[in-house]
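For clarity, every value in this text was computed on a predicted model and none was experimentally measured.
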Amino acid sequence: MDTKYIFITGGVASSLGKGIISASLGKLLQTRGYKITIQKFDPYINIDPGTLNPYEHGECYVTMDGMETDLDLGHYERFTGIQTTRDNSVTTGRIYMSVIERERRGNYLGKTIQVVPHITDEIKRRIQLNATKEHFDFVITEIGGTIGDIESQPFLEAIRQLRWELGPQRALNVHLTYVPYLAAAGELKTKPTQTSVKQLQGLGIQPEVLVLRTEHNLSDELRTKVAHFCNVEVDAVIQSQDLPSIYEVPINMQRQGLDAICLKKMGLDLGETLDLGPWQDFLSRRKSASAVVNIGLVGKYDLQDAYKSILESLAHAGTYNDHKVKTHFINSEHITRENVGEKLSGLAGVVICPGFGQRGIEGKIVAAEYTRTHDIPTFGICLGMQMMVIEFARNVLGYADANSSEMDETTPHNVIDIMEEQKTITQMGGTMRLGGYECALVEGSRTWEAYGRKTSIMERHRHRYEFNNRYLEEFEKNGMKCAGVNPSANLVEIVEIPALKWYIGTQFHPEYSSTVLHPHPLFMNFVATCIRNK
């Protein structure tokens, strides 16, 4: 069949969960046997979120082909198991850059470049790009921001045109809005939703499906009222009530027939509604797990979205180990030798988090020393791994001034150094070692065991500094072993101390590869060790 396009837009407020609804709808369509992909179009002018502070947009998620993207792509992959690419993440910046580069080459033959048609044509091309490279039954496109944002206007105009060009059976709009509850009045208010839909209609887009985000159950009377005011069928007004877990959203959407409504609107036979068997099993284990394991996250961003994929990976591993993982954030800026024991007390394990820059690194080094000397299971990721290396160099090898050349260019013991190919690069955006790279595992190592004795793995990277191989022999002689290397560049990817219960650092980001139905083996092994260490 011809590729069909579903557009997910939002109104009233941002952060309502368009990404979760997109991922849930994708999962339900997959369950019915359709081949899907999901993409995010962000209205901001940055080329990608790679240079954004995590406080702006949360973590930067990296695709296997090396694109720095919005964290919603992590939701798409965790829910559906698909691998997204650079073509699944588009910003206004990328759109304009592409058009301007074409104009500079003279491709427009001297025409005046305008938002309509040139920018909107490029948006339409990008929306359909994935389906030109590989056949998909459905392409779900989430538009970031809200209706009414100035930045969103070209995207919405492009959607309006595409809907007209493709026709109602190939293009459909699902609009997500918020229904607030006014405690003083004791009432749910539909006016924000009505206003949002009116704005959308004013742009020439009539939504076929409304998803109402709410903290309270919506009555049939209220849904009927919304349907009448917004020109939408009552059955196509879905409520997305707050749930204990984001992983319950697909079940809730299936119960209300979101996928069935979309298929019906697009003229497709509904067929059989299949049971989300393995997904239900995951939720059952999650709900029945009553034992708790406490794991600390040592980092500098006091914000859960900054470490979203790590939190979800720990949650997946906890569920499959029949435990609830309770995470405790410890701000590394506030960790000192005097208080580290108090800060880390009661924890069965510690994750030393990734990041960039000087702020908070000494606290990470102190934490790494404490967990090493007290044999607390420790997982260092990217910068976290580098801090474990620096700590070992300072306190075991005796190099008190050991450091990363990122933090101190003059250090005589640069146990972490900039990669050779990075030395001539002056621009920050998109210039790191990004995406999937092969890693050869050392047989007999703890990591090799955790990966099921695989000799080769593929993991995603986001860094420009690395372990300095000049020191490798000295590290290994003193107990910190290399457990994995990149076979083509001989870069150290994994370090571990076999004498301890679990003390492993990875230069790559394993959290990007954990999904609901396939938890990451390193997180599984780490959490299992933490449970034994309780």
Side-chain angles (χ1 to χ4, degrees), residues 1 4-12 16-18 20-34 36 38 79 137-143 147 159 163 166-181 188-201 205-243 248-276 279:
M1 74 178 195
K4 296 180 184 290
Y5 294 86
I6 298 175
F7 301 104
I8 312 287
T9 55
V12 183
L16 291 181
K18 293 191 299 295
I20 301 299
I21 294 298
S22 301
S24 298
L25 178 55
K27 180 67 188 173
L28 295 178
L29 292 172
Q30 259 188 341
T31 304
R32 289 179 177 270
Y34 293 107
I36 64 102
I38 316 177
F79 275 57
D137 299 313
F138 286 92
V139 174
I140 299 170
T141 304
E142 176 193 347
I143 305 297
I147 302 305
I159 289 172
R163 282 161 55 91
L166 295 172
Q169 297 210 326
R170 286 195 61 199
L172 173 145
N173 173 241
V174 176
H175 190 54
L176 176 64
T177 75
Y178 180 51
V179 178
Y181 177 77
L188 288 156
K189 293 294 183 182
T190 63
K191 195 62 75 179
T193 291
Q194 294 175 45
T195 303
S196 174
V197 173
K198 289 271 191 299
Q199 278 186 291
L200 198 56
Q201 291 168 334
I205 300 172
Q206 168 61 51
E208 285 84 3
V209 182
L210 291 179
V211 178
L212 308 183
R213 181 68 192 272
T214 173
E215 288 98 10
H216 299 265
N217 186 56
L218 305 181
S219 66
D220 290 343
E221 183 184 359
L222 186 143
R223 288 174 55 247
T224 302
K225 177 183 175 182
V226 168
H228 288 165
F229 273 105
C230 298
N231 299 339
V232 175
E233 292 174 17
V234 176
D235 287 346
V237 179
I238 307 284
Q239 67 168 316
S240 179
Q241 194 171 350
D242 287 358
L243 294 166
E248 293 183 38
V249 176
I251 307 295
N252 184 32
M253 292 298 106
Q254 186 185 57
R255 195 182 300 122
Q256 296 180 75
L258 176 60
D259 54 330
I261 290 160
C262 290
L263 293 175
K264 181 182 164 190
K265 295 274 183 192
M266 299 180 106
L268 290 172
D269 180 30
L270 295 186
E272 188 182 351
T273 300
L274 297 174
D275 182 34
L276 288 165
W279 195 276

Tell me, with the steps shown, if Thr9 and Leu176 meet side-chain contact (heavy atoms from CB on, under 4.5 Å). CA-CA 6 Å; Thr9 55; Leu176 176 64; over 6 Å; no
Hey, could you give me the NZ/OG distance between Lys27 and Ser22, rounded to the nearest 0.5 Å? 15.5 Å
Heavy-atom donor-acceptor pair, Gln256 side chain to Gln239 backbone, under 3.5 Å: yes
Which is it for Ile140 and Leu29 under the side-chain contact (heavy atoms from CB on, under 4.5 Å) test, yes or no, and what are the steps along the way? CA-CA 10 Å; Ile140 299 170; Leu29 292 172; 4.3 Å; yes
For Ala23 and Ile38, the nearest pair of non-hydrogen atoms, with its separation, is CA-CD1, 3.8 Å
Charged N to carboxylate O below 4.0 Å: is that the case for Lys4 and Asp137? no
If we check side chain to side chain contact (heavy atoms under 4.5 Å, CB included) with Arg223, which of these qualifies: Leu218, Val179, Leu210, Ile238? Leu218
Less than 4.5 Å apart, side chain to side chain, heavy atoms only: is that true for His175 and Val211? no
Can you name the one residue among Thr193, Thr195, Thr190, Thr214 that meets side chain to side chain donor-acceptor pair (under 3.5 Å) with Thr177? Thr193
Side chains of Leu166 and Tyr5 in contact at under 4.5 Å (non-hydrogen atoms): yes
Measure the CD1-CD distance between Ile205 and Gln199 for me, rounded to the nearest 0.5 Å. 12.0 Å
Mutual orientation of the aromatic rings belonging to Phe79 and Trp279 [parallel < 30°, tilted 30-60°, perpendicular > 60°]: tilted
Spatial distance of atom OH (Tyr181) from atom CD (Glu215) [nearest 0.5 Å]: 11.0 Å
Could you check whether Arg213 pairs with Asp242 (Lys NZ or Arg NE/NH1/NH2 to Asp/Glu carboxylate O, under 4.0 Å)? yes
Glu208/Arg163 ion pair, N-O < 4.0 Å: yes
What side-chain donor-acceptor pairs closer than 3.5 Å can you find for residues 226-234, not counting sequence neighbours?
unit_1	atom_1	unit_2	atom_2	d
Glu233	OE2	Lys265	NZ	3.2

When you check the side-chain N and O atoms of Asn173 and Gln206, is any donor under 3.5 Å from an acceptor? no
Here the gap from Gln241 atom CD to Glu248 atom CD, rounded to the nearest 0.5 Å, amounts to 11.5 Å
Would Met1 and Leu268 satisfy side-chain contact (heavy atoms from CB on, under 4.5 Å), going step by step from the backbone distance to the final call? CA-CA 10 Å; Met1 74 178 195; Leu268 290 172; 3.9 Å; yes
Please indicate whether Lys191 has more than 12 foreign heavy atoms, meaning atoms of other residues, nucleotides or ligands, lying under 6.0 Å from its NZ. no
Here the pair of heavy atoms bringing Ser240 nearest to Ile21 is OG-CD1, 4.0 Å
Of all heavy-atom pairs linking Val249 and Ser24, the shortest is CG1-OG, 3.3 Å
Shortest non-hydrogen separation from Ala260 to Arg32 and the atoms involved: CB-NH2, 3.9 Å
Can you list the residues that meet the side-chain hydrogen bond (donor to acceptor under 3.5 Å, both in side chains) rule with Gln254, with sequence neighbours excluded? none
Smallest separation among heavy atoms of Cys262 and Val174, with atom names: SG-CG2, 4.2 Å
Is there side-chain contact between Phe7 and Glu142, with heavy atoms separated by less than 4.5 Å? no
Leu25 and Ile6: side-chain contact (heavy atoms from CB on, under 4.5 Å), yes or no, with the steps? CA-CA 10 Å; Leu25 178 55; Ile6 298 175; 3.9 Å; yes
Would a distance-only check, ignoring hydrogens and angles, find a side-chain to backbone donor-acceptor pair under 3.5 Å from Ser196 to Pro192? no
Sequence neighbours excluded, the answer for ring pair (Phe, Tyr, Trp, His ring centres under 6.0 Å) partners of Tyr178 is none
Distance check, rounded to the nearest 0.5 Å: Asn252 atom CG versus Ile20 atom CD1? 13.0 Å
Spacing of Leu28 atom CG and Gln30 atom CD [to the nearest 0.5 Å]: 9.5 Å
